[in-house]
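Notes follow the structure.
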Amino acid sequence: MGRPRLESMDAAIALIAPGTPLREAIDDLIAAHAGAIIVVGDEGEVEAVCSGGFRIGIEFSPQRLFELGKMDGAMILDADASRILRANVHLIPDATLPTSETGMRHRAAERVSRQTGALVVSISKRREVVHLYLDGRRVRIDPLHVVLAKADQALQTLQRYRSRLDEDLVRLTAQEFDDLVVLADVAMVVRRFEMLSRVSVEIGRHVLYLGREGRLVRMQAEELLQGADEEFRALLKDYAFDGAADVGHLRAALAELPGASLLEVESIALALGYPSPAAVTEEHLHARGYRLLRRIPTLPAGVVARLVERFGGVPALVRADERLLDDVDGVGARRARAVADGLARLRSEAVARA
């Protein structure tokens, strides 16, 4: 027999998220103060750890699972939780399998998940707590109001980070036009972007746990994050030591930095590929221009790349007149005028807001 279809904990969480039929049954069992074990997996794999009980073989519904849950023993569902296969089952997993749990129900749940690869949902009767086990991994499912409170706090943090990031970007833009950027300025903005990214990942986890109830949280987060990913990518292309460096690798290097290292200019510089961060800390850095040029409407990425290659950075781009801009392949008189006017507009806005 094949392995169960739930190959990740995220898929398991989505299966029992608020608004799903399985979550409805789980909530009913909790409200009735009933402990339970629900196994969701490949019938052939799970059969090996089952003893006794009743073979049911009926279509799943929350009401049926709730009624069957009143009996002792585990309930067995098929891999996509569409059918109830057995009820009142005694689970007999391999007792030699390691477990970190202490209670009998939770020990059995962890061992069954290790042995079969199935998802095991354990509902504690006394504490009314739900745990998921998959391949030996355990996740606690907090009540809906707790997850909503955590999501709200994360949204407030995201809003503060975005506000500070926008302020730092305005300041950086003004410094780029004046050619006064140093490594510490860049590190500050990179730090803001990375912190924004980390909070967005946390919110994504909350949205997953919230299921149908997470729609508004997701919409608010998407609004706060609008344009941030593209802006971050452009910033990294502007200031990476190697202008041809893969942005994905740079972001991965930044994501791996511990929180304390993210506060250090040298650590961020190393992640951006600078071989000797201390040596360039006080030197002026010249933005290549990707971030500013992407803010000019209707300017294709290929044209942006050729402008950067031709002029080498923002200072030369600002000094270039329309004739020089027009000489770049793919620009033309119309785009040359748009670039010149756009850069002038961005500079005026930055100076006014800085």
Side-chain angles (χ1 to χ4, degrees), residues 4 6 9 11-41 43 45-95 97-147 209-211:
L6 290 172
M9 186 60 81
I13 293 169
L15 185 68
I16 62 99
T20 63
L22 187 51
R23 179 58 173 265
E24 182 182 339
I26 291 171
D27 287 342
D28 287 343
L29 288 167
I30 292 174
H33 307 288
I37 289 185
I38 304 168
V39 181
V40 183
E43 184 175 4
E45 294 279 355
V46 176
E47 182 73 21
V49 298
C50 293
S51 176
F54 306 100
R55 294 188 181 274
I56 306 295
I58 58 174
E59 184 178 352
F60 169 86
S61 75
Q63 295 76 19
R64 286 171 173 170
L65 192 71
F66 171 66
E67 292 298 332
L68 292 169
K70 294 177 181 178
M71 295 188 291
D72 292 333
M75 294 170 285
I76 313 298
L77 277 59
D78 64 358
D80 58 4
S82 62
R83 295 183 64 79
I84 303 172
L85 303 177
R86 299 179 66 166
N88 197 30
V89 171
H90 177 56
L91 297 175
I92 47 172
D94 184 351
L97 290 173
T99 175
S100 58
E101 300 290 357
T102 53
M104 292 297 295
R105 178 181 285 116
H106 291 82
R107 290 169 70 86
E110 183 178 1
R111 282 175 169 151
V112 168
S113 76
R114 288 185 184 278
Q115 186 170 338
T116 67
L119 166 67
V120 184
V121 183
S122 175
I123 306 171
S124 172
K125 179 178 181 179
R126 181 172 57 85
R127 298 170 57 201
E128 299 182 356
V129 173
V130 177
H131 287 95
L132 304 186
Y133 297 85
L134 187 66
D135 289 325
R137 291 180 56 208
R138 184 186 76 168
V139 168
R140 172 173 169 154
I141 303 299
D142 287 323
L144 182 61
H145 71 276
V146 173
V147 183
Y209 278 77
L210 289 169

Any non-hydrogen side-chain atom of [X] less than 4.5 Å from a side-chain atom of [Y]?
{"X": "Glu45", "Y": "Gln115", "result": "no"}
{"X": "Tyr133", "Y": "His106", "result": "yes"}
{"X": "Phe60", "Y": "Leu22", "result": "yes"}
{"X": "Leu65", "Y": "Leu77", "result": "yes"}
{"X": "Arg64", "Y": "Ile56", "result": "no"}
{"X": "Ser122", "Y": "Glu110", "result": "no"}
{"X": "Thr20", "Y": "Leu15", "result": "no"}
{"X": "Val139", "Y": "Tyr209", "result": "yes"}

Value rounded to 0.5 Å, distance of [atom1] in [X] from [atom2] in [Y]:
{"X": "Ile37", "Y": "His90", "atom1": "CD1", "atom2": "NE2", "result": "10.5 Å"}
{"X": "Glu59", "Y": "Ile84", "atom1": "CD", "atom2": "CD1", "result": "9.5 Å"}
{"X": "Ser100", "Y": "Arg107", "atom1": "OG", "atom2": "CZ", "result": "9.5 Å"}
{"X": "Asp27", "Y": "Ile123", "atom1": "CG", "atom2": "CD1", "result": "8.5 Å"}
{"X": "Ser113", "Y": "Leu119", "atom1": "OG", "atom2": "CG", "result": "8.5 Å"}

Pair Arg86 + Glu47: basic N to acidic O under 4.0 Å: yes
What closest approach, in Å, do [X] and [Y] show between heavy atoms, and which atom pair accounts for it?
{"X": "Pro98", "Y": "Arg114", "result": "O-NE, 3.1 Å"}
{"X": "Leu134", "Y": "Gly117", "result": "CD1-O, 3.6 Å"}
{"X": "Met75", "Y": "Leu29", "result": "CE-CD1, 4.4 Å"}
{"X": "Ala108", "Y": "Pro93", "result": "O-CG, 4.0 Å"}
{"X": "Ala118", "Y": "Val39", "result": "CB-CG1, 3.9 Å"}
{"X": "Ala79", "Y": "Val40", "result": "O-CG1, 3.7 Å"}

Within the side chain of Arg111, is there an N or O that forms a donor-acceptor pair under 3.5 Å with the backbone of Ala95? yes
Flag yes if more than 12 heavy atoms outside Lys70 fall under 6.0 Å of its NZ atom; otherwise flag no. yes
Could you tell me whether Asp94 atom CG has more than 12 heavy atoms of other residues or ligands within 6.0 Å of it? yes
Output, in order, the C-alpha distance, side-chain angles, deciding distance and verdict of side chain to side chain contact (heavy atoms under 4.5 Å, CB included) for Ile26 and Ile38. CA-CA 9 Å; Ile26 291 171; Ile38 304 168; 4.2 Å; yes
Just do the side chain to side chain contact (heavy atoms under 4.5 Å, CB included) check on Asp72 and Asn88 with the steps written out, would you? CA-CA 5 Å; Asp72 292 333; Asn88 197 30; 4.0 Å; yes
With side chain to side chain contact (heavy atoms under 4.5 Å, CB included) as the test, would you mind laying out the steps for His131 and Glu101 before giving the verdict? CA-CA 11 Å; His131 287 95; Glu101 300 290 357; 5.7 Å; no
